[in-house]
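Quick notes on the structure that follows.
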Amino acid sequence: MELFVNGESVKTECSTIEQLISSLGFSPDSVVAEVNLKIVKKENLAGTRLKEGDRIELVNFVGGG
Amino acid sequence: MELFVNGESVKTECSTIEQLISSLGFSPDSVVAEVNLKIVKKENLAGTRLKEGDRIELVNFVGGG
Amino acid sequence: MELFVNGESVKTECSTIEQLISSLGFSPDSVVAEVNLKIVKKENLAGTRLKEGDRIELVNFVGGG
Amino acid sequence: MELFVNGESVKTECSTIEQLISSLGFSPDSVVAEVNLKIVKKENLAGTRLKEGDRIELVNFVGGG
Amino acid sequence: MEDFLRIGNIRFSSRLLTGTGKFSSLDHIPQVLEKSGSEMITVALRRVDRHGKNRNILEYIPETVTLLPNTSGARSAQEAVRIAELARAGGCGDFIKIEVIRDMKYLMPDNAETVKATRMLAERGFIVLPYMTPDPSAAQQLEQAGAAAVMPLGSPIGSNRGLETKEMIRIIIEMSHVPVIVDAGIGRPSHAAMAMEMGADAVLVNTAIATSGDPAAMAEAFSLAVRAGRNAFLQSMPAKLANASASSPLTGFLD
Amino acid sequence: MEDFLRIGNIRFSSRLLTGTGKFSSLDHIPQVLEKSGSEMITVALRRVDRHGKNRNILEYIPETVTLLPNTSGARSAQEAVRIAELARAGGCGDFIKIEVIRDMKYLMPDNAETVKATRMLAERGFIVLPYMTPDPSAAQQLEQAGAAAVMPLGSPIGSNRGLETKEMIRIIIEMSHVPVIVDAGIGRPSHAAMAMEMGADAVLVNTAIATSGDPAAMAEAFSLAVRAGRNAFLQSMPAKLANASASSPLTGFLD
Amino acid sequence: MEDFLRIGNIRFSSRLLTGTGKFSSLDHIPQVLEKSGSEMITVALRRVDRHGKNRNILEYIPETVTLLPNTSGARSAQEAVRIAELARAGGCGDFIKIEVIRDMKYLMPDNAETVKATRMLAERGFIVLPYMTPDPSAAQQLEQAGAAAVMPLGSPIGSNRGLETKEMIRIIIEMSHVPVIVDAGIGRPSHAAMAMEMGADAVLVNTAIATSGDPAAMAEAFSLAVRAGRNAFLQSMPAKLANASASSPLTGFLD
Amino acid sequence: MEDFLRIGNIRFSSRLLTGTGKFSSLDHIPQVLEKSGSEMITVALRRVDRHGKNRNILEYIPETVTLLPNTSGARSAQEAVRIAELARAGGCGDFIKIEVIRDMKYLMPDNAETVKATRMLAERGFIVLPYMTPDPSAAQQLEQAGAAAVMPLGSPIGSNRGLETKEMIRIIIEMSHVPVIVDAGIGRPSHAAMAMEMGADAVLVNTAIATSGDPAAMAEAFSLAVRAGRNAFLQSMPAKLANASASSPLTGFLD
């Protein structure tokens, strides 16, 4: 399945957003996800299924002033 | 005829705005007039007739920074 | 006997500088004395005898910045 | 004859201070001379004779603030 | 060498704008204009005073001087537009200084309403000079809205405290594509010179001239200071140094 | 109205003193004097340069301008006296600017030696203008020692940083019975104007003129600024206010 | 005596806000928080770095410290709202520092967009702390739009130049009904103390701590300075005097 | 890490010196010392007041605090020596703060007499701390005369105007081989912090503490500020920048 993660094309076998986050090496706890411009709540990460062509944003907190 | 000049009630016999300005002691050249919120051009002061209850603003230039 | 204490004439029966200080209401511990422009050490206050016409300065510490 | 001009040894045939100044390429008008720590007045430049070993200072005006 | 200030379609030789407020007598105005060489002067607009003297301030201003009516008294963009239209109908030309002020203690202009007023008046063909609180982003917005120049304040109007907002004005000057005229708070000739040295295109001085003991002499002083600061800016002044640098030779006298 | 600066027995119309140091070419000097109207200019004295060009700096200075030789290079009062006598023998007249400096980094004058030199030179009939670190007590001592004027520095020489010592200079001006000439550190016309507005009797500017791209134009700029500041001082400028004070009527437009 | 800073529904004992940007190592953060006693700290939000280290910054911040995510990177109110919602979904709570910046040189916030963002986010239940260019009218508008505090800048972010906008901030403090937190440009403890002495409710310091040789020691220094300035403000400091006023008896010693 | 101030043969942990002048009640003094941690405090000497209360000020000062009697009232070096000897005979130890003042309006110390007094008192075995007008050459002379520290003033005594002489003090600090203690004019904690950030070794604060509403609280505020400034100095604060430098990543949020 092909997705667009943070603007780049990614091919994946993951079926949920939570799996995708883990497969990229992040802890789902530390990442916020948007699927097709809608924010996914933490408690829904495991239940949100991916579809071909989904546009996904994954962001996390970094240092800032 | 009763008019409202700069917010105050004024009784007058004048029939034009130009006459009104002169009757108040001003030179029509130095005053700008609004009748019922519409500005009266200088060249129309003589031709603008007054009607009962007109709301008239008369302003002029003063010192300012 | 007449002395000059801090510029003012004073009549006294005291025979030593220590007695004079006490008689004026001060503790000898808290006052520094000059007799005829010579400083009297603390330990000599009791032994320094007064003579007619001595010029005495008595100073103490006060608030200052 | 050997002189010391501005701290440096100079051999010269000049017999007056005025000649010395000219021989060094300066106009006597623009230079002030000291011979053995005494200032030579302008009018005495021509009449001041040099002697072996004289210590001479020649100064002039330069830019300054 | 020619060094003109251009605003709208007019070229000005003088970079000192003056004002007509606060004079003890209107008779000072022609002398101030003459001594200062100022070519643009502000006026305000108010309801006629039916019970006072009716002296026409415009009679004190030579025809060669550009009038810059202001919108003082406006509390909103809408009111500023109304005042501007009345001023234009009064024959004062197309120049307008926008003032929209709601804060009656420090008299700081409201930039948001001022941007709106600038857009509306530029669309109606005015040459718009907005008076503003010195905020670089707002200056950009005024420029985009059609301002012919921007007029950031140096310190609160009439306070004579000089360029308290200097660092903001410096950024505005650097970013601006239209002339920057420092207005308000310029109380001394040195303030005016400093603004010009920083690269301001002009300054507006009213209170410090009008309330001085001799307005014409003070106007001339400001005029000299503006020329001094402008000339220095054009020559690009030497840099400030952390240490000293001798102006005479550094050697000991007989070393 | 006449407003002269009097030093020694001479009256000066100009309150801008200039210097001859640091010019890229001596040819700038006559232009600087002409454009600035300066009537007094400093020179230094050094051993002749036997291997360089021998251009006589005095030829660049018109006879009508008063020469003010300085004692730069002096490390003590004694040396200052020697230099002063040489300068007088050179036909420069009786004016002398005392400089005694031991600190070779910030070039701050040594006030204690300067007081001594002032006393010695005043007794020898010189018109003495001592350059000083701005200390009010030292200024009093210089005056008592016979100084014809005092010359406190604004900031380290050549630094162009302006009046960093402003508050000390203000006290010196208030206390002084002889003219106060602010010397050193004046890098911009606004600095010169500010000194004059504070009541300084004159300023001396050298580096900022000599090292600018166009010395004659910069000299003129400083001259304008000095006149601006002086005029403002004479008019007694209006006070600074804590709040704003409207220059247009404060009422809403149609209130 | 208790002297709390209240923002939203939270009471803070510390009036020093810190930030997480620019540290050479995240390991400094817990020490900085401990030494400074800071109870609120900013973080930013960015796309995950798929190729870098994945260290979770939140792990360096104790639970007792309130997180203040910022909307850095936003060029418009709309983008700021999107970032704020992502931050809240990330479990950071309801506090949000709005930053909307279009000027990439001086990084001055855009007040007009910031007012819009404040209104939108306040309506969505955020505790909104807008970072702003210090314009008193804009501060009023932010307050009316629902800001829980306003954060005017002292000088350009990261410049360490202190309170260049002091006089505008003074007016904002006087007019404001919500806490005023001076943000940006505070480079030295004396700057922080001065802000607090003027009546600011808090300051935010990031660059000066994070880029110092010993961030924890510098954080402690700022914390001391904030307390010093706050205490002095609460005691209402004595006034500045034009002349001197002796601290010892003024008489001569034996008069 | 230990960071002591050493004067004479004594090590001080605190870099805040206090004074005993101007308190509404002497009962404040012990609290001020306790809250500030100050370890050295000034006192003055005067003829006993035969008609007033005879409270011994020394009873309000713990034995662990070093007494620093001043020579206030002295108009010459000779008088200063006499006062110093009386103070020593009074059991106050060898420390002496020299004050020689002739100017009764601005109370500026007379540096020339102060140098003389310093030499005389150092030869008599005193630990001499001269109060001075900030002149770098005079500071050098004081050091050579045997001063154990130098005490340049920030602004006229009691004026609370802060470091008006900052640039002169900066040079004195750079050149000095003995501790530099900024005395006089420090009216706010931010002034004290600034002096310490510049590298001053200590500050003396009297008026601002003694005349505040709550002297003990104000003393604590100054103590915090001194520590803040000292710590920052030791960490070498980051430099000031001409432009901005982002503390959050500079990219747009989703770039």
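Not measured: the values here are computed from a predicted model. Just so it is clear: chains get the letters A, B, ... in the order the sequence lines come, proteins before strands, and each one is counted from 1.
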So which of [options] has the biggest tally of heavy-atom pairs under 4.5 Å with chain G?
{"options": "H/A228, H/P156, H/G21, H/S248", "value": "H/A228"}
{"options": "H/I83, H/T71, H/N206", "value": "H/I83"}
{"options": "H/A193, H/S245, H/A44", "value": "H/S245"}

Heavy-atom pair count under 4.5 Å with chain H, highest-scoring of [options]:
{"options": "G/K22, G/R227, G/E99", "result": "G/K22"}
{"options": "G/L224, G/I101, G/T42", "result": "G/L224"}
{"options": "G/I157, G/N231, G/T20, G/L107", "result": "G/I157"}

key: Rounded distance [0.5 Å steps], CE in H/M218 versus CG in G/L234   =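 It is 9.5 Å, given to the nearest 0.5 Å.
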message = Please report the interatomic distance CG(H/N70) to OG(G/S247), rounded to the nearest 0.5 Å.
response =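 Taking CG in H/N70 and OG in G/S247, the distance rounds to 7.5 Å.
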inquiry  = Checking the side chain of H/R188 only, and the main-chain atoms of G/A232 only, is there a donor and an acceptor separated by less than 3.5 Å?
reply    =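 It does not hold such a pair.
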task = Can you see which heavy atom on H/A217 is nearest to which on G/Q235, and at what distance?
result =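 Heavy atoms of H/A217 and G/Q235 come nearest at CB-NE2, 3.5 Å.
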query = Does a side-chain heavy-atom distance below 4.5 Å link H/P189 with G/M196?
reply =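 Counting from C-beta outward, H/P189 and G/M196 never come under 4.5 Å.
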key: Any donor-acceptor N or O pair under 3.5 Å, side chains H/S190, G/E197   =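 On atom types as modelled, these side chains qualify, holding a pair under 3.5 Å.
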message = Taking side chain as everything from C-beta outward and backbone as N, CA, C, O, which of these in H/M104 sits under 4.5 Å from a heavy atom of chain G? Side chain, backbone, both or neither.
response =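 It is the side chain, since no backbone atom gets that close.
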key: Portion of G/A246 that has a non-hydrogen atom of chain H nearer than 4.5 angstrom   =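 Contact with chain H: backbone and side chain both.
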